[in-house]
Amino acid sequence: MRVFKFGGASVKDAEAVKNVVKVLKEVGHEDTLVVISAMGKTTNAMEKVVAAYFNNKSQVSSSIQEVWEYHETILSELFENKNHPVYGKVKTLFEEVKGFLAWNKSPKNAFVYDQVVGYGELVSTTIISEYLNEVGLPNIWQDVRNLIKTDNSYRDAKVNWERTQEQVSKLDTSKLYITQGFLGSDDNNFTTTLGREGSDYTGAILAYCLNADSVTIWKDVPGVLNADPRNFDETQLLDEISYREAIELAFYGASVIHPKTLQPLQRKEIPLHVKSFVNPTNDGTTVGKGVGISPKVPCFIVKKNQVLIKLSSLDFSFIVENNISEIFKLLHDHRMKVDLIQNSAISFSVCLDNKFNGLQPMLDELKRKFKVVCHEDVSLYTIRHFDDNAVKSLENGRSVLVEQRGKETVQLVVK
């Protein structure tokens, strides 16, 4: 059995849904489990519903109505018959959202978030499953919450692999299934979500439990590129990447595939294909066992809006273990994500992401013991498999504040 995953961009409107049908007809749809995300920017819209619930309840109804109208437009373009059962099914799902918010007593944002936001996936798969049936692709709509069982760590749930395996094993692998990404359920059958890149992870979980032949993630790009075309010119398609290399790229910030998606696939050596839903018969990129990266070209990654902090001792004494442990404790306490570290006998530099806005309080504490120089709004560039030309292309016209080189990787913090 194969696992396909279509993200929000691939089902953002009626034409995109019709293209999913085209893809399935071109590449085959037998023995396939299809994981689908919420349509377009629906997750963002559902997050607004949650925000309104906690901050301004008078806006809850209008926020839900906005999401309904978006999906109603898609429905009307896919189903000419306004009496088609799909309208009733989708309306019922929206009524469930309203019902939950009416009776909910929990003050916990993460719990409410998971119960509400997950309806984006339930609605999208309901529409697409019904449309596939309509155009002659019979399928089974599967509630993924009955398959993926988790703990109750809402917004970042951990998979109960034993129970999930037990549930997934009940599927008939000769059928075409349509199911949701991102979602699971806990022991009390409350909805949970799987955190960042949850839909990709869903595909990997199901593939692992099904011993699938492969997983294919369908995107609006030809595959995995050696750089983000939004930030770099003349990008190049990577034909093959090893699991290890993909994890390395993701670690440095490339939006390739999240490591948690790769880990279950790597354990069973299930290949992952990243392909274009615009040109579905093209080869795309394969992530699997073996070759590190092919072609072996420099891969460019950039993290913008970073902060570089340079510390030195006030009395020119060495920065030794006790100083470093104190610095790391402050980084942890202020929830700083560290991306690069460089130190010498009397200095310590760290490039970090001030995601939770703890920078100023941390700087105040650091200044009591160290001389502190802080550079905000810097960019961290990473080049995997670098050569001199690649490094020069980044240095050109930029002020390099820190450079760090390893055997395969060079990192530059630039202003």
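Source: prediction; values computed, not measured.
With F79 as the aromatic partner, K82 does not meet the cation-pi criteria of under 6.0 angstrom to the ring centre and within 45 degrees of the ring axis.
In this structure D143 satisfies the side-chain contact (heavy atoms from CB on, under 4.5 Å) test together with L122, W141, R145, N146, Q180, sequence neighbours excluded.
Ion pair K18/E15 flagged as a salt bridge, since at least one NZ, NE, NH1 or NH2 atom sits closer than 4.0 Å to an Asp/Glu carboxylate oxygen. Between E95 and K98, at least one side-chain nitrogen of the basic residue sits less than 4.0 Å from a carboxylate oxygen of the acidic one, meeting the salt-bridge criterion.
With hydrogens and angles left out, the side-chain atoms of N160 and D151 include no donor and acceptor closer than 3.5 Å. The closest side-chain donor-acceptor pair between E240 and T286, if any, does not fall under 3.5 angstrom. In summary, the side chains of E66 and S62 do not present any donor paired with an acceptor at a separation below 3.5 Å, with no hydrogens or angles considered. A side-chain donor-acceptor contact under 3.5 Å links D364 and Q360. K149 and N189 share a side-chain donor-acceptor pair at under 3.5 Å. Side-chain contact check for T191 and D114: no donor-acceptor pair (N or O, by modelled atom type) lies under 3.5 Å.
Looking at T409, its side chain never comes within 3.5 Å of a backbone N or O of G406 through a donor-acceptor pair. At least one donor-acceptor pair under 3.5 Å links the side chain of H71 to the backbone N or O of V67. With hydrogens and angles disregarded, a donor-acceptor distance shorter than 3.5 Å links the side chain of T202 to the backbone of F182. At distances below 3.5 Å, at least one donor-acceptor pair connects side-chain atoms of N226 with backbone N or O atoms of P298. Distance alone, capped at 3.5 Å, is enough to place a donor-acceptor pair between the T285 side chain and the L238 backbone. Proximity of a side-chain donor or acceptor of D200 to a complementary backbone N or O of I257 within less than 3.5 Å is not detected. A donor-acceptor pair under 3.5 Å links the side-chain atoms of D13 to the main chain of A16, judged by distance alone.
Rounding to the nearest 0.5 angstrom, the gap separating the CG atom in L352 from the NZ atom in K303 is 10.5 Å. Distance check: L380 CG to Q404 CD gives 9.5 Å after rounding to the nearest 0.5 Å. In this structure, CD1 on I205 lies 5.0 Å from CH2 on W161, to the nearest 0.5 angstrom. Annotation: the span from I36 atom CD1 to S10 atom OG amounts to 7.5 Å, rounded to 0.5 Å. To the nearest 0.5 angstrom, H375 atom NE2 is 8.5 Å from S399 atom OG. In this structure, CG on N104 lies 8.0 Å from CD on Q115, to the nearest 0.5 angstrom.
Atom NZ of K91 sits in a sparse spot, with 12 or fewer heavy atoms from other residues, nucleotides or ligands closer than 6.0 Å. Applying the 6.0 Å contact sphere to NZ of K57 captures more than 12 heavy atoms from other residues, nucleotides or ligands.
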For a salt bridge (charged side-chain N to carboxylate O under 4.0 Å, His left out) check, start with the C-alpha distance between E395 and K392, then their side-chain angles and the critical distance, and finish with the verdict. CA-CA 5 Å; E395 290 177 335; K392 287 177 182 175; over 6 Å; no

Please test T73 against E69 for side chain to side chain donor-acceptor pair (under 3.5 Å), starting from the C-alpha separation and ending with a verdict. CA-CA 6 Å; T73 299; E69 289 174 359; over 6 Å; no

Kindly indicate, with the supporting measurements, whether the criterion side chain to side chain donor-acceptor pair (under 3.5 Å) is fulfilled by S294 and D239. CA-CA 6 Å; S294 176; D239 301 320; 4.8 Å; no

Residues D353, K355; criterion salt bridge (charged side-chain N to carboxylate O under 4.0 Å, His left out); working and verdict: CA-CA 5 Å; D353 187 345; K355 183 177 179 180; over 6 Å; no

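For the ring-ring contact (aromatic ring centres under 6.0 Å, His included) with F190, the qualifying choice from F100, Y113, F111 is F111, the only one to do so. With T192 as reference, T150 is the one residue of D156, N152, T150, D186 to meet the side chain to side chain donor-acceptor pair (under 3.5 Å) rule.
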